[in-house]
Chemist: 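Quick one: structure below, then a few questions.
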Amino acid sequence: MEEELGDVLFCVVNYARMQGINSEEALRKANSKFIKRFSSLENDLKANNIEISEASLKTLLEYWEKQKTK
């Protein structure tokens with residue numbers, strides 16, 4: 001399964017290259033966006049007195065969707 005995933009990643013990187021996209025920079029930007037959203041999610045939970053370790057999956061997903069609209 002790991003090798004198959006490697007094949008998929010290789011294809012995506014090749015496609016990005018053909019589209020003139022720097023795949024490393026795209027991944028850096030995606031990671032940065034994730035970190036920003038997750039930090040904001042943590043802050044929102046804290047502001048509402050909710051511990052992330054005790055939040056339900058439903059609550060986490062609701063807060064995550066809220067972050068995506070910001």
Side-chain angles (χ1 to χ4, degrees):
M1 196 62 138
E2 187 176 81
E3 188 177 323
E4 296 302 319
L5 178 59
D7 289 344
V8 170
L9 293 173
F10 181 80
C11 289
V12 170
V13 168
N14 249 348
Y15 178 75
R17 182 184 55 79
M18 291 187 316
Q19 297 301 313
I21 298 170
N22 181 322
S23 56
E24 287 183 49
E25 186 60 27
L27 184 56
R28 272 190 214 93
K29 288 178 179 179
N31 283 336
S32 177
K33 181 171 60 175
F34 174 82
I35 290 167
K36 182 179 174 183
R37 285 180 178 168
F38 193 81
S39 294
S40 188
L41 177 144
E42 288 178 310
N43 291 335
D44 284 357
L45 287 171
K46 188 179 285 187
N48 288 295
N49 297 316
I50 301 171
E51 292 290 328
I52 194 167
S53 61
E54 296 175 9
S56 68
L57 179 57
K58 180 182 178 190
T59 298
L60 292 173
L61 289 173
E62 287 171 1
Y63 276 74
W64 184 254
E65 288 301 318
K66 179 181 170 187
Q67 301 314 311
K68 288 170 52 177
T69 61
K70 286 185 177 180

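The structure displayed is predicted, hence computed values, not measured ones.
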Chemist: Just wondering, more than 12 heavy atoms not from K70 lying within 6.0 Å of its NZ?
Modeler: yes
Chemist: With rounding to the nearest 0.5 angstrom, report the CD to NZ distance, E65 to K68.
Modeler: 4.0 Å
Chemist: Under a single-linkage definition using a 4.5 Å side-chain heavy-atom cutoff for Ile, Leu, Val, Met, Phe, Trp and Tyr, are L45 and F34 assigned to the same hydrophobic cluster?
Modeler: yes
Chemist: Do D44 and I50 come close enough that some side-chain heavy atom pair is under 4.5 Å?
Modeler: no
Chemist: Measuring only between side-chain heavy atoms, which start at C-beta, is F38 closer than 4.5 Å to I52?
Modeler: yes
Chemist: Could you tell me if the side chain of S23 sits less than 4.5 Å from the side chain of L27, heavy atoms only?
Modeler: no
Chemist: Determine, using the 4.5 Å side-chain heavy-atom cutoff (strictly less than), whether Y63 and L60 are members of one ILVMFWY cluster.
Modeler: yes
Chemist: By side chain to side chain contact (heavy atoms under 4.5 Å, CB included), which residues pair with R28, not counting sequence neighbours?
Modeler: E24, E25
Chemist: Nearest heavy-atom pair of R37 and Q67: which atoms, and what distance?
Modeler: O-CG, 3.6 Å
Chemist: For K66, is there any backbone N or O sitting under 3.5 Å from a side-chain donor or acceptor partner on T69?
Modeler: yes
Chemist: Taking atom CD of E51 as the centre, does the number of heavy atoms from other residues, nucleotides or ligands within less than 6.0 Å exceed 12?
Modeler: no
Chemist: Heavy atoms only: give me the nearest L41-W64 pair and the separation to one decimal.
Modeler: CD1-N, 3.6 Å
Chemist: Looking at CG of N48 and NZ of K46, how far apart are the two atoms once the value is rounded to the nearest 0.5 Å?
Modeler: 12.5 Å
